[in-house]
Each structure stands twice: as C-alpha cells, then as structure tokens.
Amino acid sequence: MVAARTRVLADAGPFASLRSVIAGIVEESAPDAEMLLDVGSGTGQYTAACLDRLPAAYGVGIDLSKVCARSTARAHPRLAGIVADAWSRLPLAGESVDTLISVFSPRNVDDFARVLRGGGRLVVAAPETGHLRELIEPMGMLRVGEDKYDALRTSTAHAFAEVSSQIVTYRSDVGESAIADLVGMGPSAFHLSSDEICSRARSLAGSSTVPVTIAVRATVLRRR
Ligand SMILES: C[S@@+](CC[C@H](N)C(=O)[O-])C[C@H]1O[C@@H](n2cnc3c(N)ncnc32)[C@H](O)[C@@H]1O
C-alpha cells in the first residue's frame with residue numbers, strides 16, 4: 001500500500017497536482033508556521049511538499065503503521081516520523097504545533113485542539129462524492145459517504161472556526177498500473193487480491209488510459 005501511495009503521489013502520478021495544491025493551501029494559510037504536524041502521514045509526501053514551501057519549518061508525521069512512520073521520516077530532511085495511535089493522546093506537548101494537516105486520515109479533534117497553539121491552523125483534506133468515481137464500480141472500490149463536510153463542521157465547531165473550504169477537482173488520464181495503484185493504496189485493497197486488482201485494471205484500461213476524477217475538499221480551520 002505504501003509503495004502504491006508513493007507512486008500515486010509522485011511527480012508523474014495522478015495525485016501530484018492535489019499534493020501541490022494542498023501544499024499551497026498550507027503555505028498560504030500559515031506562511032510563518034515553524035512546526036507542522038501531519039496525523040496519519042502515510043508516506044509523508046504531503047508534509048514534505050509543505051516543508052519545501054516553508055524553509056524555516058520542521059515537521060512531524062504520526063502514523064499507526066511503522067512502515068508509514070519510517071517512510072515519513074525519509075520523505076524530507078526536516079521531517080520526523082513517529083509511530084502512535086491518533087485516537088490516543090498524541091505524543092506532543094500542548095500548544096506546540098502551528099499547523100496540523102489531516103489528509104484522508106483519522107481526526108482526533110479534541111487532541112488536535114490540545115496540540116495546536118491558539119490561532120494555529122488545521123488543514124483537512126477529505127474525498128468528495130465523485131472522487132475516483134470512474135473506478136468505483138469496475139474496480140469494486142468503496143464509495144465515499146455523503147455529507148462528510150457537514151460532519152467535519154459539526155465535529156470541529158467547539159474548538160475551531162472555519163477559514164476557508166474549497167473543492168479541488170480535476171481529471172487525470174491513468175493507465176493500467178496507475179489504476180492498480182489507486183486501488184491498491186486504499187482500503188479497497190483489503191478485500192481484493194493483488195492479482196484481482198491487476199486483472200480488473202487491465203480490463204478497464206487495456207493498453208490505453210481512462211480519465212479519472214479527483215475530487216477532494218480542502219478545509220482550513222483556525223484554533224479558537
Ligand atoms: C488513507 S491513508 C492517508 C495517508 C496520507 N495522509 C496520504 O494521504 O497519503 C490513512 C493513513 O492513516 C493511518 N492511520 C489509520 N489509523 C490511524 C490511527 N489510529 N493512528 C494513526 N494513524 C492512523 C494509516 O496507517 C494511513 O497511513
């Protein structure tokens with residue numbers, strides 16, 4: 001899953017533009033940030049892209065998976081990786097973080113509020129209905145639930161005020177191997193064998209490419 005995610009987020013991969021837009025949003029929302037935290041950091045590529053734009057900042061990525069934490073630590077010279085459970089108390093001091101990013105990852109809103117300093121930013125990226133929609137039926141992927149944005153607003157309102165929210169959407173032409181990676185990097189990979197994923201990707205793309213919709217909402221919230 002980590003290898004597939006690394007390729008999808010790489011410069012030539014279908015999420016390269018998304019990674020770049022999210023890094024731009026983080027930079028714009030807190031250009032003076034010195035400490036970034038990424039909870040559920042995966043490969044660490046989102047935080048690495050943010051750090052490239054914030055030369056004075058350091059980053060910490062937390063992930064439940066040892067493989068992901070190691071990958072995060074290797075993603076940028078100013079980025080560290082920690083193995084920890086986002087649903088427990090995060091291993092960081094209170095009010096020690098300027099900007100916290102949560103990209104397709106679990107959100108422990110109360111502890112996010114504890115580690116962020118007053119006025120600090122929480123940047124949440126979550127899939128919208130329609131994300132990867134061309135792959136859902138043919139590849140047997142899990143559907144994105146409705147009303148995720150409402151759920152985010154409701155669950156954060158006690159500690160955060162919304163600064164901005166935008167849907168990042170574009171289409172990317174992907175071939176057989178990128179389709180297999182888009183499936184293999186996410187939860188849908190748990191119920192399909194890798195042979196099954198490859199065979200379905202081959203049937204869908206053949207020797208050509210298919211356009212796939214990327215639709216992600218990026219919301220910036222300010223710690224009250
Ligand atoms: C869908 S991936 C997103 C990874 C990365 N943010 C990205 O978008 O490329 C979700 C990540 O959250 C991590 N994760 C899941 N549950 C977690 C938990 N309870 N605590 C910390 N990390 C967790 C997974 O290991 C995985 O790396």
Side-chain angles (χ1 to χ4, degrees), residues 1-26 36-52 59-76 79-92 97 99-112 114-115 121-128 131-132 135-136 139 141-145 148 152 155 167-170 172 178 181-192 197 212 214-220:
M1 290 173 90
V2 170
R5 189 166 285 274
T6 302
R7 288 189 292 269
V8 165
L9 280 157
D11 283 346
F15 277 24
S17 302
L18 176 64
R19 188 192 59 180
S20 167
V21 172
I22 288 176
I25 290 170
V26 168
L36 295 187
L37 173 63
D38 182 351
V39 178
S41 56
T43 59
Q45 285 156 288
Y46 285 100
T47 310
C50 297
L51 290 172
D52 279 342
V60 172
I62 287 178
D63 204 286
L64 194 56
S65 148
K66 200 178 1 176
V67 178
C68 288
R70 192 180 294 131
S71 170
T72 294
R74 289 178 179 151
H76 197 282
L79 180 57
I82 299 176
V83 179
D85 184 353
W87 295 119
S88 303
R89 190 180 162 87
L90 298 171
L92 285 142
V97 171
T99 298
L100 195 159
I101 71 170
S102 168
V103 183
F104 301 114
S105 290
R107 296 190 292 269
N108 179 346
V109 174
D110 288 337
D111 219 42
F112 286 4
R114 180 185 66 80
V115 299
R121 298 297 198 254
L122 168 60
V123 179
V124 176
E128 276 286 299
H131 184 57
L132 304 181
L135 303 184
I136 287 172
M139 297 302 295
M141 293 178 82
L142 304 173
R143 234 165 249 291
V144 175
K148 287 201 159 212
L152 171 66
S155 65
I167 296 175
V168 181
T169 187
Y170 60 92
S172 179
D181 282 341
L182 284 165
V183 180
M185 75 178 192
S188 303
F190 289 126
H191 65 267
L192 290 175
I197 292 174
V212 167
I214 314 295
V216 173
R217 180 180 284 278
T219 303
V220 180

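In each ligand, atom 1 is the first atom listed, and ligand 1 is the first ligand listed.
- In summary, the atoms of ligand 1 found under 4.0 Å from a heavy atom of Leu9, numbered by their order in the structure, are 9 (O).
- A salt bridge links Arg19 with Asp11: the distance from a Lys NZ or Arg NE/NH1/NH2 to an Asp or Glu carboxylate oxygen falls below 4.0 Å.
- For the pair Gly40 and ligand 1, the shortest N or O to N or O distance falls below 3.5 Å.
- Protein heavy atom nearest atom 20 (N) of ligand 1, with residue, atom name and distance: Ala86 N, 2.7 Å.
- Heavy atoms of Arg5 found under 4.0 angstrom from ligand 1 belong exclusively to the side chain.
- For Ala84, the heavy-atom gap to ligand 1 drops under 4.0 angstrom.
- Less than 4.0 angstrom separates some heavy atom of Ser105 from each of these atoms of ligand 1: 3 (C), 6 (N), 10 (C), 11 (C), 12 (O).
- Using a 4.0 Å cut-off between heavy atoms, Cys68 contacts ligand 1 through its side chain alone, with no backbone atom that close.
- Residue Thr43 places no heavy atom under 4.0 Å from ligand 1.
- Ligand 1 has at least one atom lying under 4.0 Å from a heavy atom of Pro106.
- At least one N or O atom of Leu64 sits closer than 3.5 Å to an N or O atom of ligand 1.
- Under the side chain to side chain donor-acceptor pair (under 3.5 Å) criterion, Arg107 pairs with no residue, sequence neighbours left out.
- The NE2 atom of His76 sits 10.0 Å away from the CG atom of Leu36 when rounded to the nearest 0.5 Å.
- In this pair, His131 and Phe15 present their aromatic rings tilted. The plane angle is within the 30 to 60° band.
- Inclusion of Asp85 in the set of residues having an N or O under 3.5 Å from an N or O of ligand 1 is warranted.
- Here the closest heavy-atom approach between residue Val2 and residue Cys68 is recorded as CG2-SG, 3.7 Å.
- With atom 8 (O) of ligand 1 as the reference point, the heavy atom nearest to it among Tyr46, Phe15, Trp87 is part of Tyr46.
- Under 4.0 angstrom from ligand 1, there are no non-hydrogen atoms of Pro187.
- Residues forming a ring pair (Phe, Tyr, Trp, His ring centres under 6.0 Å) with Phe112 (at least two apart in sequence, or on another chain): none.
- Scanning the protein heavy atoms around atom 25 (O) of ligand 1, the nearest turns out to be Asp63 OD1, 2.6 Å.
- Within ligand 1, counting atoms from 1 as listed, the ones closer than 4.0 Å to a heavy atom of Val103 are 3 (C), 5 (C), 6 (N), 8 (O).
- Atom CZ in Arg121 sits 15.0 Å away from atom CD1 in Ile101 (nearest 0.5 Å).
- Using a 4.0 Å cut-off to heavy atoms of Phe104, the atoms of ligand 1 that qualify are 1 (C), 2 (S), 3 (C), 8 (O), 10 (C).
- Across all non-hydrogen atoms, the minimal contact from Val168 to Val21 is CG2-CG1, 3.8 Å.
- Within the model, atoms OG1 of Thr43 and CG of Leu9 stand 5.0 Å from one another, a figure rounded to the nearest 0.5 Å.
- Of the heavy atoms in Ala125, none comes closer than 4.0 Å to ligand 1.
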side-chain contact (heavy atoms from CB on, under 4.5 Å) between Thr72 and Asp38, intermediate numbers included: CA-CA 10 Å; Thr72 294; Asp38 182 351; over 6 Å; no
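- Note: Glu128 CD to Arg217 CZ = 4.5 Å, rounded to the nearest 0.5 Å.
- Judged by the shortest distance from any of its heavy atoms, Val2 lies outside the 4.0 Å radius around the atoms of ligand 1.
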